[in-house]
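What follows is a set of notes on a single structure, which appears directly below.
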Amino acid sequence: MSDSAKSESANQMWGGRFSEGPDAIMQAINASIGFDQRLYAQDIAGSRAHAAMLAAQGILTPSDAEAIREGLLTVLSEIETGTFPFRVELEDIHMNVEARLKEIVGEPAGRLHTARSRNDQVAVDFRLWVRDQCDAAISGLTALIQAFLTQAEAGAEWIMPGFTHLQTAQPVTWGHHMMAYVEMFARDKSRFEDARRRMNECPLGAAALAGTSFPIDRHATARALGFDRPTANSLDSVSDRDFALEFLSASSICAMHLSRFAEELVIWSSAQFRFVRLSDKWTTGSSIMPQKKNPDAAELLRAKIGRIMGANVALLTIMKGLPLTYSKDMQEDKEQVFDAADTLMLGLAAMTGMVSDMAANQKTLEISAASGFSTATDLADWLVRELGLPFREAHHVTGTLVAMAEKKGCDLPDLSLAEMQSVHPGIRTDVFDVLGVNNSVRSRQSYGGTAPDQVRAQIARWKQILNG
Ligand code: ARG
């Protein structure tokens, strides 16, 4: 091979000191264009801001800057219309865009990379992408919260069993249960908001790692790209992936919440519980058992956290122990985050669909709430309040009555006054008032409690927060 043929097979972006092209396997392990082409819009936005700033600073001539600007718009439309020739030998999105720009505008394209490196370029592209995903998660969560609020409003006073250990504990209201998820998903939303605020600093201009000798204006590029300010340390700028990790941690917690309600949907829609019904839109049939309506979407949501949490652990593992500053290890950040973000957005949309779709079976919920001695605590509280018993003694008396009812095969309100008095002579007939599930939930008026009034107050508070 002649020298010129050799150097032609070397990379046209950085191949100056190379006489040979890479081994095919080297190219396969090194190239990221297969996945980082998802960053094209961010990459072009970053380049446009950079070129405009270089021109404003007198580092690029106005005509070069204009050629670059127009060329980048052509590249953008080629990518968006599917005519862009992605080339694996150009490694990544940054070099694919720049090489194509050169074909379109010629010499000025070579000046775009002045005062910049792929290290700050990828850092800004990826930050912009993750920032968009925070926004998507925030609006996805807002829709999900609305869906739970609608359910809560419809059933603020419907009665259902509240569980601990998945054993009947005390009656609660449907609205209260729905509002528990509003609290969880609102915290998730605020985690994405916090992460977004922290990541909103622009690394562009950190160059390879040390900054640049050109008189750039980092505040201008930060502003142009919607960042609050430029990052303050160039070494940190190119080696930090905290923003992606925060996105993945917030996503993991959110996915954990999704999986908890998914699990409840699986249980609640079973023939044994029948608490809710999911329509045909959100269930699947069995190919062998004609009676089945399976909650596949809920099951998949319960499982999807595996990918999201996996991505979180993977990226922590990639970053752990990396010396400053950039290392190619960091290229492994993208597929993890892409997959986690796609999974989260799909999960939020699916959950919003199911929550809007599910129909509570009010009657079954109420009957179930009354079984399992669910008002035993109300009875113990009555003994304390009305007869002045110490709570421990009241607990013991109630336990004896529960055992008696269990032996008779009935519920607490089915015991006679005489039977009750055989355990404690002070018990009066008005005890029966507190043994009904309706009075039980209505009595739980403590702030944040299950009483319909309390639930309605929380619904009103959240509506105000969401609309204000
Ligand atoms: N594709 C690379 C990445 O995703 C871009 C940065 C390359 N920088 C470098 N010094 N090789 O990390």
Side-chain angles (χ1 to χ4, degrees), residues 10-18 21-23 25-47 49-50 72 75 79 84 86-101 109-110 112-133 199 202-212 221 225 231 233-245 247-248 311 314-341:
N11 190 294
Q12 53 174 290
M13 292 291 147
W14 45 249
R17 65 169 290 189
F18 287 69
D23 189 278
I25 306 282
M26 172 61 195
Q27 186 165 296
I29 196 171
N30 195 38
S32 54
I33 188 62
F35 49 87
D36 70 10
Q37 49 183 274
R38 280 188 81 165
L39 298 177
Y40 75 90
Q42 290 76 13
D43 194 69
I44 290 169
S47 287
H50 183 65
L72 285 170
V75 171
I79 296 177
F84 185 90
F86 285 108
R87 278 174 285 171
V88 70
E89 62 277 15
L90 290 169
E91 271 186 49
D92 57 25
I93 185 63
H94 323 296
M95 296 206 289
N96 267 272
V97 168
E98 195 184 317
R100 181 72 188 129
L101 183 68
L112 172 61
H113 215 50
T114 312
R116 185 177 79 169
S117 148
R118 272 190 294 158
N119 295 349
D120 59 338
Q121 197 177 350
V122 73
V124 75
D125 292 4
F126 200 32
R127 249 183 223 242
L128 287 169
W129 196 88
V130 174
R131 191 178 72 181
D132 282 351
Q133 296 304 307
M199 77 178 64
C202 186
L204 190 60
L209 75 163
T212 174
T221 42
L225 294 167
T231 50
N233 181 298
S234 65
L235 302 177
D236 178 48
S237 306
V238 296
S239 71
D240 161 41
R241 290 295 180 272
D242 293 8
F243 62 94
L245 284 165
F247 173 75
L248 292 176
L315 186 54
L316 278 170
T317 312
I318 290 162
M319 296 308 295
K320 179 204 162 292
L322 282 188
L324 300 190
T325 56
Y326 178 85
S327 293
K328 197 63 173 256
D329 308 51
M330 289 160 70
Q331 178 166 287
E332 288 288 310
D333 56 2
K334 286 171 222 47
E335 284 170 291
Q336 301 295 337
V337 175
F338 290 162
D339 184 66

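For ligands, and for the atoms within them, numbers begin at 1 and follow the listed sequence. Basis for what follows: all heavy atoms, side chains included, without hydrogens, waters or symmetry-related copies.
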Nearest-contact summary for atom 1 (N) of ligand 1 - protein heavy atom, Å: Gln331 OE1, 2.7 Å

Closest heavy-atom pair and its distance - Ala311, Leu248: O-CD1, 3.6 Å

Short N-O contact, Asp125 and Lys334, less than 4.0 angstrom: no

Test: Arg118 and Glu98 ion pair at under 4.0 Å: no

Distance in Å, Thr114 OG1 paired with Leu112 CG, rounded so as to fall on 0.5 Å steps: 7.5 Å

Heavy atom of the protein closest to atom 11 (N) of ligand 1 (residue, atom name, distance): Arg118 NH2, 3.6 Å

Enumerated ligand 1 atoms positioned under 4.0 Å from heavy atoms of His94: 5 (C)

Distance filter under 4.0 Å to Ser32 heavy atoms, resulting ligand 1 atoms: 1 (N)

Heavy-atom nearest neighbour in the protein, as seen from atom 12 (O) of ligand 1, with distance rounded to 0.1 Å: Tyr326 OH, 2.4 Å

Closest heavy-atom pair and its distance - Ala341, Gln133: CB-OE1, 3.5 Å

Between CD on residue Gln37 and CG on residue Asp92, distance to nearest 0.5 Å: 11.5 Å

Per-residue contact class, Gln121 against ligand 1 - non-hydrogen pairs under 4.0 Å: neither

Min heavy-atom dist Lys334 to ligand 1 below 4.0 Å: yes

Least distance between heavy atoms, Pro203 atom then Asp120 atom: O-CB, 3.6 Å

Atom 8 (N) of ligand 1: nearest protein contact (heavy atom, Å): Asn119 OD1, 2.9 Å

Closest approach of any protein heavy atom to atom 5 (C) of ligand 1, naming residue and atom: Asp92 OD2, 3.5 Å

